[in-house]
Amino acid sequence: MKKAYYSKRIYKNMLPKVYVDAISHSFLLFNRAKHFTFQTQVVEKSSGKNKRDKSLHLTVKKRFNMNDYYTNSVVQEANALMTSQSELKKCIFLQRKNKSNPLKRKSKRQKVESPR
């Protein structure tokens with residue numbers, strides 16, 4: 001016997017325009033805050049200096065006028081993105097290093113084998 005699962009999917013054309021605009025604004029604000037948070041972390045990591053007097057959470061909360069729930073989500077997503085980028089950087093570095101080793105060995109062999 002098969003079970004049927006029904007979703008509670010919400011379609012934009014079934015909602016009043018006010019709600020659609022409010023949801024769109026929330027997404028826009030969330031993404032702007034996440035971009036700001038990530039860029040702030042990148043600048044601080046590259047310069048090695050903290051340019052804020054308050055925590056990143058409080059800075060984002062005040063700047064974008066968000067509640068704690070959204071601010072925590074923004075900071076956590078930016079931290080996850082930062083961690084992901086650093087791991088990706090390590091992987092790319094190892095790939096390039098492993099790719100260049102055979103080329104170095106090949107060029108060394110060619111130098112040794114070539115008569116002068």
Side-chain angles (χ1 to χ4, degrees):
M1 180 176 208
K2 292 184 181 181
K3 288 186 178 180
Y5 294 101
Y6 298 99
S7 70
K8 299 283 185 183
R9 191 169 193 174
I10 299 170
Y11 295 95
K12 285 174 35 174
N13 60 354
M14 304 297 270
L15 289 175
K17 187 174 179 351
V18 176
Y19 293 140
V20 174
D21 291 342
I23 292 168
S24 297
H25 178 70
S26 296
F27 283 143
L28 181 70
L29 189 65
F30 184 85
N31 286 327
R32 281 184 182 170
K34 186 169 68 168
H35 182 263
F36 169 78
T37 306
F38 180 73
Q39 285 303 110
T40 303
Q41 288 177 336
V42 168
V43 168
E44 289 177 355
K45 188 174 182 178
S46 64
S47 69
K49 296 178 183 176
N50 188 356
K51 297 182 180 183
R52 298 173 279 111
D53 54 344
K54 296 180 182 177
S55 70
L56 189 57
H57 176 87
L58 292 176
T59 304
V60 171
K61 184 177 179 179
K62 183 178 179 183
R63 181 174 177 145
F64 293 97
N65 196 20
M66 297 176 137
N67 62 17
D68 282 328
Y69 178 80
Y70 283 109
T71 307
N72 281 333
S73 297
V74 164
V75 173
Q76 285 178 357
E77 282 202 27
N79 288 339
L81 188 58
M82 194 72 166
T83 304
S84 172
Q85 291 295 319
S86 65
E87 290 295 321
L88 185 62
K89 187 176 176 182
K90 290 176 189 175
C91 289
I92 291 172
F93 178 75
L94 285 174
Q95 284 177 346
R96 286 187 180 168
K97 185 178 178 184
N98 292 337
K99 197 174 190 180
S100 67
N101 285 341
L103 294 175
K104 286 179 185 177
R105 281 186 252 139
K106 184 177 179 181
S107 66
K108 284 181 183 179
R109 273 189 268 135
Q110 286 177 348
K111 286 179 184 178
V112 170
E113 293 173 2
S114 64
R116 290 191 178 208

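- Considering CD1 of Ile92 and CD of Gln85, their distance stands at 8.5 Å, rounded to 0.5 Å.
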Let me have the donor-acceptor pairs involving side chains of residues 72-79, under 3.5 Å, with sequence neighbours excluded, atom names and distances please.
{"residue": "Asn72", "atom": "OD1", "partner": "His57", "partner atom": "ND1", "Å": "3.2"}
{"residue": "Asn72", "atom": "ND2", "partner": "Asp68", "partner atom": "O", "Å": "3.3"}
{"residue": "Ser73", "atom": "OG", "partner": "Tyr69", "partner atom": "O", "Å": "3.1"}
{"residue": "Glu77", "atom": "OE1", "partner": "Lys34", "partner atom": "NZ", "Å": "3.1"}
{"residue": "Asn79", "atom": "OD1", "partner": "Gln41", "partner atom": "NE2", "Å": "2.5"}
{"residue": "Asn79", "atom": "ND2", "partner": "Val75", "partner atom": "O", "Å": "3.3"}

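- To the nearest 0.5 Å, the span separating OG1 on Thr71 from CG on Asn65 amounts to 9.0 Å.
- Under the 4.5 Å side-chain heavy-atom criterion for grouping Ile, Leu, Val, Met, Phe, Trp and Tyr, Met82 is not connected to Phe30 through any hydrophobic cluster.
- Taking Arg32 as the reference, nothing meets the salt bridge (charged side-chain N to carboxylate O under 4.0 Å, His left out) condition, with sequence neighbours excluded.
- Taken from OG in Ser24 to CG in Leu29, the straight-line distance is 12.5 Å, to the nearest 0.5 Å.
- Looking at residues two or more places apart in sequence or on another chain, you find a salt bridge (charged side-chain N to carboxylate O under 4.0 Å, His left out) between Lys90 and Glu87.
- For the atom pair CZ (Arg63) and OG1 (Thr37), the distance works out to 9.5 Å, reported to the nearest 0.5 Å.
- For Phe64 and Tyr70, the ring centers sit 6.0 Å or farther from each other.
- Taking hydrophobic clusters as Ile, Leu, Val, Met, Phe, Trp and Tyr residues chained together by side-chain heavy-atom distances below 4.5 Å, Phe38 does not share a cluster with Leu88.
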What do the steps show when you test Val43 against Lys49 for side-chain contact (heavy atoms from CB on, under 4.5 Å), and what is the final call? CA-CA 8 Å; Val43 168; Lys49 296 178 183 176; over 6 Å; no
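- Around atom CD1 of Ile10, no more than 12 heavy atoms belonging to other residues, nucleotides or ligands sit under 6.0 Å away.
- The distance from atom CZ of Phe36 to atom OG1 of Thr40, rounded to the nearest 0.5 Å, is 3.5 Å.
- Residue pairs that meet the side-chain hydrogen bond (donor to acceptor under 3.5 Å, both in side chains) test with at least one member in residues 10-19, sequence neighbours left out, are Lys17-Asp21.
- Using modelled atom types, no side-chain atom of Ser84 and backbone atom of Ala80 make a donor-acceptor pair closer than 3.5 Å.
- Sequence neighbours left out, not one pair with a member in residues 76-99 passes ring-ring contact (aromatic ring centres under 6.0 Å, His included).
- Every residue meeting the side-chain contact (heavy atoms from CB on, under 4.5 Å) condition with Lys62, not counting sequence neighbours, appears here in chain and number order: Lys54.
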